[in-house]
**Q** 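One structure, pasted below without further comment.
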Amino acid sequence: MKSLRLLIGLLLCSQIAFAQDNAIQKTIDEQVWLPFIKTFNAFDGEGFNALHTKDVLRGGPWGIQTGEEYWKNNLESNKKGKESGGKKSIAFRFEHRVARDSIAYEVGYYKVKYTHDGEERTGYGRFDVVLRKVNGVWKIAQDWDVDNINGKKFTEEDFVGNSAGKIYQ
């Protein structure tokens with residue numbers, strides 16, 4: 001009988017933890033990823049920067065940018081992109097998402113389409129992101145992405161993956 005109670009207790013705890021994790025991820029989607037897509041696609045540098053902590057660490061094979069340097073670069077590149085008349089769109093698919101209280105770690109894939117002067121380019125990559133809650137709002141604290149692993153470029157197949165995971169776009 002004790003074993004049955006223990007098993008039931010463990011199942012209830014895991015379901016509660018799963019429900020809490022889903023609630024946190026839903027909040028992160030609403031506060032970070034949906035606005036990320038909207039501001040990225042609209043060349044809205046100020047809105048995009050607001051989704052990041054003031055001390056954000058942004059990295060990749062090209063190097064590292066932090067805080068003000070990263071924010072300034074976003075403003076300049078979004079201004080140039082908007083002025084050039086180009087268009088861009090981004091979509092995500094998550095592979096791993098874990099969160100608790102005020103910190104989260106997420107890994108996923110992205111697909112970016114750029115259109116300029118009628119020419120369209122599509123790029124794919126993988127990202128690792130750390131999010132922190134700042135004054136009750138989730139923000140990106142660290143963002144690292146790559147477009148290949150071990151010399152193999154990411155493709156549409158990598159983006160879609162082998163699961164029916166939700167694609168955010």
**Q** Can you tell me how far apart CD (Gln65) and CG (Asn74) are? Round to the nearest 0.5 Å.
**A**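 With rounding to 0.5 Å, CD (Gln65) is 7.5 Å from CG (Asn74).
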
**Q** One pair to check against side chain to side chain contact (heavy atoms under 4.5 Å, CB included): Arg132 and Asp55. What are the steps and the verdict?
**A** CA-CA 11 Å; Arg132 280 193 325 221; Asp55 63 346; 3.1 Å; yes

**Q** Counting N and O atoms only, with roles assigned by atom type, does the side chain of Asn41 sit under 3.5 Å from a partner on the main chain of Ile90, one being a donor and the other an acceptor?
**A**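 Here the side-chain-to-backbone pair exists.
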
**Q** Is Lys80 paired with Glu76 through a side-chain N to carboxylate O contact shorter than 4.0 Å?
**A**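 Looking at Glu76 and Lys80, the cut-off is not met.
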
**Q** Closest heavy-atom contact between Gly47 and Thr39?
**A**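 It is C-CG2, 3.7 Å.
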
**Q** In this structure, are over 12 heavy atoms from other groups packed under 6.0 Å from Glu119 atom CD?
**A**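 Not more than 12 within 6.0 Å, no.
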
**Q** Spell out, as yes or no, whether a donor-acceptor pair under 3.5 Å connects the side chain of Gln31 to the backbone of Trp138.
**A**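 Pair found, side chain donor or acceptor close to backbone of Trp138.
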
**Q** If you count every heavy atom of other residues, nucleotides or ligands that lies below 6.0 Å from Glu46 atom CD, does the total exceed 12?
**A**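 It does not: Glu46 CD has 12 such atoms or fewer within range.
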
**Q** Does Ile149 belong to the same Ile/Leu/Val/Met/Phe/Trp/Tyr cluster as Val160, with side-chain heavy atoms less than 4.5 Å apart forming each link?
**A**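 Yes, Ile149 connects to Val160 through the hydrophobic network.
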
**Q** Side chains of Val134 and Lys54: closer than 4.5 Å at any heavy-atom pair?
**A**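 No, their side chains stay 4.5 Å or more apart.
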
**Q** I need the Asn49 CG to Lys139 NZ distance, nearest 0.5 Å.
**A**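 It is 10.0 Å, given to the nearest 0.5 Å.
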
**Q** Quick one: closest heavy-atom pair of Ala141 and Thr53, and the distance?
**A**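 So the minimum-distance heavy-atom pair works out to CA-OG1, 3.6 Å.
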
**Q** With under 30° as parallel and over 60° as perpendicular, where do the rings of Phe154 and Tyr109 fit, or are they tilted in between?
**A**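 The arrangement is perpendicular - the two ring planes meet at more than 60°.
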
**Q** Can you say whether the rings of Phe40 and Phe36 are parallel (under 30°), tilted (30 to 60°) or perpendicular (over 60°)?
**A**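 Taking Phe36 first and then Phe40, their aromatic rings lie parallel (interplane angle under 30°).
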
**Q** Roughly how far, to the nearest 0.5 Å, is OG1 of Thr122 from OH of Tyr114?
**A**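 Tyr114 OH to Thr122 OG1: 10.5 Å, rounded to 0.5 Å.
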
**Q** In this structure, would Phe127 and Val112 fall into the same cluster of hydrophobic residues linked by side-chain contacts under 4.5 Å?
**A**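 The answer is yes; both residues are in one hydrophobic cluster.
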
**Q** As an exercise, state the distance from CD1 of Ile103 to NZ of Lys133, rounded to the nearest 0.5 Å.
**A**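 Answer for the CD1-NZ pair, Ile103 versus Lys133, is 12.5 Å.
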
**Q** Please assess Asn78 against Asp44 for the test side chain to side chain contact (heavy atoms under 4.5 Å, CB included), listing each intermediate value before the final yes or no.
**A** CA-CA 7 Å; Asn78 277 288; Asp44 177 2; over 6 Å; no

**Q** Quick one: closest heavy-atom pair of Lys113 and Lys111, and the distance?
**A**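 Closest pair (atom of Lys113, atom of Lys111, distance): CE-CE, 3.8 Å.
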
**Q** Closest heavy-atom contact between Ile24 and Arg100?
**A**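 Scanning both residues completely, I find the closest heavy atoms to be CD1-CA, 4.1 Å.
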
**Q** Under a single-linkage definition using a 4.5 Å side-chain heavy-atom cutoff for Ile, Leu, Val, Met, Phe, Trp and Tyr, are Val98 and Val107 assigned to the same hydrophobic cluster?
**A**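 Yes, it is one cluster - the side chains of Val98 and Val107 are joined through contacts under 4.5 Å.
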
**Q** With sequence neighbours left out, which residue pairs that include part of residues 143-155 fulfil the salt bridge (Lys or Arg N to Asp or Glu O under 4.0 Å) condition?
**A**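 Qualifying pairs: Arg58-Asp143, Arg58-Asp145, Asp147-Lys153, Lys152-Asp158.
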
**Q** Under a 4.5 Å side-chain heavy-atom rule over Ile, Leu, Val, Met, Phe, Trp and Tyr, are Phe48 and Trp33 clustered together?
**A**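 Hydrophobic grouping puts Phe48 with Trp33.
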
**Q** With a 6.0 Å cut-off on ring centres, are Tyr110 and Tyr124 close enough?
**A**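 No: the rings miss the under 6.0 Å criterion.
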
**Q** In Å and rounded to the nearest 0.5 Å, what is the NZ to NZ distance from Lys88 to Lys82?
**A**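 Between atom NZ of Lys88 and atom NZ of Lys82 there are 10.5 Å.
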
**Q** Please name all residues satisfying ring pair (Phe, Tyr, Trp, His ring centres under 6.0 Å) with Tyr70, sequence neighbours left out, ordered by chain then number.
**A**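 Here the qualifying residues are His52.
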
**Q** So, for Glu106 and Phe94, which heavy atoms are closest and what is the spacing to 0.1 Å?
**A**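 Scanning both residues, the minimum pair turns out to be OE1-CE2, 3.4 Å.
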
